[in-house]
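What follows is one structure encoded as structure tokens, with my remarks underneath.
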Amino acid sequence: MSRSELLGTIMREYRDGLVSYAEKMLGDHGLAEDIVQETIIRAWRNIDRLLGMEGSVRGWLFTVTRHLVIDWVRKPHARREFIGVTYNDPVCGTDATEAVHDALVTRPLLRRLSPEHRAVLVHIYLCDRSIKETACILGVPAGTVKSRQHNALRKLRAVARPEAA
């Protein structure tokens, strides 16, 4: 079996099962897809090892996925951040209808962004963190956070209002 055939087999036969497995542990489909994407990247990086492996490729994939989930849960941001929870300020008087509308509009737009860009926007705008705090949490320089924020907002503007782009 060649490298590309093995990667195709992994995508075809194991991807959905890996996403389901990660989602059961995390309770978040989008995050589960991000974890599985990283699993597949690691499989690609270790493709020669997988080709010569005597054991189960499936077992290796599920083990890597499990370790990535554990690593994600152990990160400090996973303990402080509750994605999907809406904060309602009693002074503003927002009702549930507005929150549902915002979620219906915002989620599809955020899904169009890469995980890196989405994470920056979530930390800065939804969690109300500074660029420096976001950089520390994500483990990247502040300049990278600023660049990702700029590019993500530019893409969102282009998608939300194509005529404005």
Side-chain angles (χ1 to χ4, degrees), residues 1-87 100 103-129 131-149 151-153 155-156 159:
M1 181 178 285
S2 73
R3 291 173 162 190
S4 59
E5 288 173 336
L6 179 57
L7 192 60
T9 300
I10 289 171
M11 292 295 290
R12 244 184 346 272
E13 295 182 17
Y14 301 120
R15 185 188 175 286
D16 292 342
L18 291 168
V19 170
S20 177
Y21 177 65
E23 187 175 1
K24 285 178 186 170
M25 289 187 283
L26 295 165
D28 183 330
H29 184 77
L31 181 57
E33 286 184 339
D34 292 346
I35 295 286
V36 171
Q37 180 178 351
E38 178 61 28
T39 300
I40 292 170
I41 289 170
R42 290 188 183 190
W44 176 249
R45 289 181 184 154
N46 292 285
I47 201 82
D48 291 330
R49 183 172 144 200
L50 292 174
L51 283 169
M53 183 187 247
E54 291 181 20
S56 164
V57 171
R58 181 182 183 277
W60 186 90
L61 292 167
F62 276 87
T63 299
V64 169
T65 301
R66 187 181 82 238
H67 289 170
L68 288 170
V69 167
I70 290 168
D71 289 347
W72 192 90
V73 169
R74 286 181 179 166
K75 285 183 180 178
H77 68 81
R79 291 190 295 270
R80 291 194 303 259
E81 183 176 315
F82 297 96
I83 297 175
V85 175
T86 305
Y87 171 73
V100 169
L104 288 173
V105 171
T106 305
R107 283 187 181 158
L109 289 173
L110 286 176
R111 285 189 184 123
R112 291 179 162 211
L113 299 174
S114 70
E116 294 84 9
H117 288 103
R118 184 172 47 238
V120 166
L121 293 185
V122 165
H123 284 289
I124 291 174
Y125 295 105
L126 299 181
C127 298
D128 198 29
R129 294 193 173 110
I131 292 197
K132 187 175 179 181
E133 290 171 323
T134 301
C136 288
I137 291 168
L138 298 177
V140 297
T144 302
V145 171
K146 289 177 186 178
S147 173
R148 288 179 183 173
Q149 177 189 17
N151 291 328
L153 291 175
K155 181 169 183 172
L156 287 178
V159 171

- Residues in side chain to side chain donor-acceptor pair (under 3.5 Å) with Ser114, at least two apart? Glu116, His117
- Query: How would you list, by chain and number, every residue that makes a ring pair (Phe, Tyr, Trp, His ring centres under 6.0 Å) with Tyr14, sequence neighbours excluded?
  - Reply: none
- Message: To the closest 0.5 Å, what do you measure between CZ (Arg148) and CG (Leu113)?
- Response: 12.0 Å
- Query: So is Arg58 actually on top of Phe62's ring, under 6.0 Å and inside 45° of the axis?
  - Reply: yes
- For Asp48, the side chain to side chain donor-acceptor pair (under 3.5 Å) test, sequence neighbours excluded, returns Arg3
- Item | pair Leu153-Leu121: side-chain heavy atoms closer than 4.5 Å | yes
Just list the side-chain donor-acceptor pairs under 3.5 Å for residues 140-147, sequence neighbours left out, or say none.
none

- Query: About how many Å separate CZ of Arg49 and CD1 of Ile47, when rounded to the nearest 0.5 Å?
  - Reply: 11.5 Å
- Look up atom CE in Met25 and atom CD1 in Ile70, then write down how far apart they are to the nearest 0.5 Å. 7.5 Å
- Taking atom NE2 of His123 and atom CD of Glu133, what is their separation to the nearest 0.5 Å? 10.5 Å
Review item, side-chain donor-acceptor pairs of residues 29-46, under 3.5 Å, at least two apart:
from, atom 1, to, atom 2, distance (Å)
His29, ND1, Glu23, OE1, 2.9
His29, NE2, Glu33, OE2, 2.9
Asp34, OD1, Arg118, NH2, 3.4
Asp34, OD2, Arg118, NH2, 3.3
Glu38, OE2, Arg42, NE, 3.0
Thr39, OG1, Ile35, O, 3.1
Thr39, OG1, Thr65, OG1, 3.0
Asn46, ND2, Arg42, O, 2.8

- Query: Do any N or O atoms from the side chain of Thr63 and from the backbone of Gly59 form a donor-acceptor pair under 3.5 angstrom?
  - Reply: yes
